[in-house]
Visitor: 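Below is a structure I'd like to ask you about.
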Number of protein chains: 2
Amino acid sequence: MAKYESKLDLCFSALGDPTRRVILQRLARGPASVSELAASHDMALPSFMSHLKKLEEAGLVTSDKQGRTRTFALAPDAFAPVDDWLSEQRRIWEGRLDQLDEYVATLMKDRKT
Amino acid sequence: MAKYESKLDLCFSALGDPTRRVILQRLARGPASVSELAASHDMALPSFMSHLKKLEEAGLVTSDKQGRTRTFALAPDAFAPVDDWLSEQRRIWEGRLDQLDEYVATLMKDRKT
DNA sequence: CTCATACTTAGCCATATTCCTAAGTAATGC
DNA sequence: GCATTACTTAGGAATATGGCTAAGTATGAG
């Protein structure tokens, strides 16, 4: 498995964890270093880092290392893939009423015995 | 683990799988039975059913069994939790500029030697 | 140079996820 | 009633995930 994971898979999966959503909410307020971010999470640093790594792989955050400090920030247009997918979903949903009309038309046609 | 998973965890995790997103897109066009949904997926039925189960647990779809046929439909307000979280995130993001102003103000204050 | 800080890497363990096959149940059709 | 259809349940295998500790690297401070 794990052959190819789309950005969408990575985004949604990354968002599926409360620790990672909290990190994102913190980063929405502005950039922060690893230790700043980790401070409020009762978790060993390597475990915490793996969450940051997932967020970065999903394209939700970016990071930059200066000296020994790595600073994370919310990625520009972080949620674009998610927003796009949801919009598409809504678009289909709204087209549904048309299909209902069509279905009713089919029923009527069947009735013309 | 798996002590307590919020609706948001379940929603996002459910959306993190391409098979499940395809199911949702199909259901956006209207309700369908298990076999109708499964037809286009090259997967054993029990495996496929487990995806449907996850979608239902996440509150994204509903199902109803009539006779031997179970029909699935997109849940009303299926994406409300997701939309809400994203809105909240945007709200914080937009507040960020104010915080930047505040930060600049702090810098100015420090400079008043 | 030495020590502390701030990550980073390596590797292990437990549980969860995602697939499978085989067999079971319950409704429908003949 | 008996076969078929449409799920459903049970259980197993492979991989992924999320946590840990221990040890390593690299930068900044003194």
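Per chain, numbering begins at 1; letters A, B, ... match sequence-line order.
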Visitor: Does the side chain of B:Leu74 come within less than 4.5 Å of B:Arg29's, by heavy atoms?
Guide: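 No, side chains not in contact.
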Visitor: Mind checking whether B:Phe48 and B:His41 have parallel, tilted or perpendicular rings, split at 30° and 60°?
Guide: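 The rings of B:Phe48 and B:His41 sit tilted, inter-plane angle from 30° to 60°.
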Visitor: Examine D:dT8: is either OP1 or OP2 under 4.0 Å from a nitrogen or oxygen in the side chain of B:Lys53? Give yes or no.
Guide: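 False: B:Lys53 side-chain N/O out of range (4.0 Å or more) of D:dT8 OP1/OP2.
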Visitor: Between P on D:dT17 and CG on A:Leu52, what's the gap in Å once rounded to a whole number?
Guide: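 Rounded to the whole Å, the gap is 16 Å.
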Visitor: For DNA chain D, whose closest nucleotide is more 5', that of A:Leu45 or that of B:Glu36?
Guide: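 Going by which nucleotide is closer to the 5' end, it is B:Glu36.
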Visitor: Measure CD/A:Gln66 against P/D:dA26 and give the value in whole Å, please.
Guide: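 Taking CD of A:Gln66 and P of D:dA26, I get 17 Å after rounding.
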Visitor: Can you figure out which of C:dT21, C:dT9, D:dG19 approaches the side chain of A:Pro46 most closely?
Guide: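 Among C:dT21, C:dT9, D:dG19, the one nearest the side chain of A:Pro46 is C:dT9.
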Visitor: Which nucleotide in the set D:dT21, C:dC20, C:dT8 lies at the smallest distance from any side-chain heavy atom of A:Ala44?
Guide: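 Among D:dT21, C:dC20, C:dT8, the one nearest the side chain of A:Ala44 is D:dT21.
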Visitor: Please give, in whole Å, the distance from C:dC19 P to B:Asp42 CG?
Guide: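 Value for this atom pair: 11 Å.
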Visitor: Looking only at non-hydrogen atoms, find the nearest pair between A:Pro31 and A:Arg26 and report the distance.
Guide: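 Nearest pair, atom of A:Pro31 first, then A:Arg26: O-NH2, 3.7 Å.
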Visitor: If the cut-off is 4.0 Å, is B:Lys54 near the phosphate of C:dT18, judged by side-chain N/O to OP1 or OP2?
Guide: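 Yes.
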Visitor: May I have the distance from A:Arg68 (atom CZ) to C:dA4 (atom C1'), rounded to whole angstrom?
Guide: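 It works out to 7 Å between those atoms.
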Visitor: I need the minimum non-hydrogen distance between A:Met43 and A:Ser47, along with the two atoms involved.
Guide: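 Here A:Met43 and A:Ser47 meet closest at CG-CB, 3.6 Å.
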Visitor: How is B:Ser47 classified with respect to the nucleic acid when contacts are heavy atoms under 4.0 Å: base, sugar-phosphate, or nothing?
Guide: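 B:Ser47: base contact, heavy atoms under 4.0 Å.
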Visitor: Would you indicate which nucleotide in C:dT8, D:dG19, C:dT18 comes nearest to any side-chain atom of A:Met49?
Guide: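 Closest nucleotide among those given: C:dT8.
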Visitor: Rounded off to whole Å, could you give me the CG-to-P distance for the A:Asp17 and C:dT15 pair?
Guide: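 To the nearest whole Å, that distance equals 18 Å.
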Visitor: How close or far is atom C1' of C:dA27 from atom CZ of B:Arg70, stated in whole angstroms?
Guide: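 Answer to the nearest Å: 14 Å.
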Visitor: Measure the distance from CG on A:Leu37 to C1' on C:dT8 and round it to the nearest whole Å.
Guide: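 For the pair A:Leu37 CG and C:dT8 C1', the rounded distance is 16 Å.
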Visitor: Given D:dG19, is OP1 or OP2 found less than 4.0 Å from the side-chain N or O atoms of A:His51?
Guide: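 The answer is yes; a side-chain N or O of A:His51 sits under 4.0 Å from OP1 or OP2.
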Visitor: 5'-most contact on DNA chain D: A:Gly67 or A:Thr19, nearest heavy atom basis?
Guide: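 It is A:Thr19 whose nearest nucleotide is closer to the 5' end.
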Visitor: Whole angstrom is fine here: how far is it from CG in A:Leu55 over to C1' in D:dG18?
Guide: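 Taking atom C1' of D:dG18 as the reference, CG of A:Leu55 is at 14 Å.
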Visitor: Hydrogens and angles aside, do A:Asp9 and A:Ser6 bring a side-chain donor and acceptor to less than 3.5 Å of each other?
Guide: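 The answer is yes; a qualifying pair exists.
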Visitor: If the cut-off is 4.0 Å, is A:Lys65 near the phosphate of C:dA6, judged by side-chain N/O to OP1 or OP2?
Guide: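 Answer is no, no contact under 4.0 Å.
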